[in-house]
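Remember, it's 1-based here, ligands and their atoms both numbered in the order they're listed.
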Amino acid sequence: MIGLKKDTALLQQEIRELAQLKNAVILAHYYQYPEIQEVADFVGDSLDLSRKAKKAGNDIIVFAGVKFMAETAKILNPEKKVLLPDLAAGCSLADNCPPGEFKKFVDAHPGHTVVTYINCSAEVKAISDIICTSSNAEQIVNRIPADQPIIFAPDANLGRYVIKQTGRQMVLWNGACVVHEAFSIDKLIQLINAHPQARLVAHPESEEHILKIADFTGSTRKMIDYIKTDDGHTYIVATEVGILHQMQKEAPGKTLLAAPSHEDNTCACSECAFMKVNTLEKLYNCLLHEGPEIKIEPELVKKAVLPLEKMLRWS
Ligand code: SF4
């Protein structure tokens with residue numbers, strides 16, 4: 001069976017049967033391939049999926065997403081087996097915030113509350129005071145006393161957006177997401193000119209010049225909700241293109257256009273190469289062999305769970 005190309009529907013059916021047999025829950029991020037989203041028990045953004053991972057009553061959690069997400073599920077459920085279809089599913093934001101350098105950065109700013117975006121390693125979580133996602137970043141920062149200095153890491157674009165929304169000054173770690181920094185403003189303006197009635201919705205990981213012209217800025221979940229309830233018809237979506245699958249399902253009457261990136265001259269969309277290393281075949285094999293498994297030292301789990309649980313309490 002392994003290594004053979006199977007029909008997608010058959011593979012999906014076998015994945016569902018295996019998940020049931022092994023009492024496994026499959027969580028998938030909005031940026032996964034549509035055929036993976038379709039076979040998952042839950043599809044969502046980082047905050048939704050953290051909550052689902054925390055509540056999961058299953059023996060096994062299979063995380064169809066990137067490594068920091070599966071690590072988060074493991075930190076919240078240390079007694080459970082957490083699987084990731086491909087351990088190479090990294091993230092540019094997490095990779096560009098090495099724990100040693102981040103610790104030095106934190107030590108250089110004594111007395112600061114460290115607010116860290118969930119897109120970071122377990123080690124970086126362990127040296128943070130509270131974790132946030134793009135859904136709750138403003139809410140978390142607003143709950144910190146006004147006279148308390150803050151470090152925000154690792155996404156500087158999200159940090160600048162939160163500064164603008166909350167009016168709080170924060171010290172930023174200079175990280176970025178390769179996908180959200182790849183949007184081409186020139187091509188985007190051409191697309192807007194070709195569709196003057198379209199509304200631009202953007203993820204706050206996008207650069208400031210994109211956010212400045214956006215009609216709406218929000219997390220993946222908030223973008224979907226905006227498009228569902230807004231009275232417009234056509235939307236240009238500036239985030240990873242995988243989200244269009246769930247958006248179209250929840251807003252079937254709307255026309256959705258992917259924001260164009262610098263590189264792309266074919267499909268005019270931005271894909272996260274890390275998210276896309278997961279395939280249906282790898283998901284099947286991962287469930288069958290119960291690996292690759294996420295393993296984190298218990299001492300690290302004990303430290304990293306504190307800022308995560310604080311986030312769940314605060315949001
Ligand atoms: S889209 Fe960006 S932030 Fe999300 S996993 Fe990919 S590289 Fe990381």
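Each of His245, Gln37, Arg221 was checked for a side-chain hydrogen bond (donor to acceptor under 3.5 Å, both in side chains) with Tyr30, and the lone residue meeting it is Arg221.
Between the side chain of Arg168 and the backbone N or O of Asn142, no donor-acceptor pair lies under 3.5 Å.
Atoms of ligand 1 found under 4.0 Å from any heavy atom of Asn119 (numbered from 1 in listed order, with element): 3 (S).
Side chains of Asn157 and Glu181: a donor-acceptor N/O pair is present below 3.5 angstrom, by distance only.
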**Request:** Test side-chain hydrogen bond (donor to acceptor under 3.5 Å, both in side chains) on Asp45 and Ser135 and set out the steps.
**Result:** CA-CA 8 Å; Asp45 64 10; Ser135 284; 3.0 Å; yes
**Message:** side-chain hydrogen bond (donor to acceptor under 3.5 Å, both in side chains), that's the test. Do Tyr161 and Ser206 meet it? Break it down for me.
**Reply:** CA-CA 9 Å; Tyr161 175 72; Ser206 307; over 6 Å; no
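Glu205 counts as a contact of ligand 1, since one of its heavy atoms falls under 4.0 Å from the ligand.
Other residues, nucleotides and ligands place no more than 12 heavy atoms under 6.0 Å from the NZ atom of Lys303.
The salt bridge (Lys or Arg N to Asp or Glu O under 4.0 Å) contacts involving residues 27-39 comprise Glu38-Lys249, where partners must be two or more places apart or lie in separate chains.
Protein contacts to atom 6 (Fe) of ligand 1 involving N, O or S atoms at a distance below 2.8 Å are Cys272 SG.
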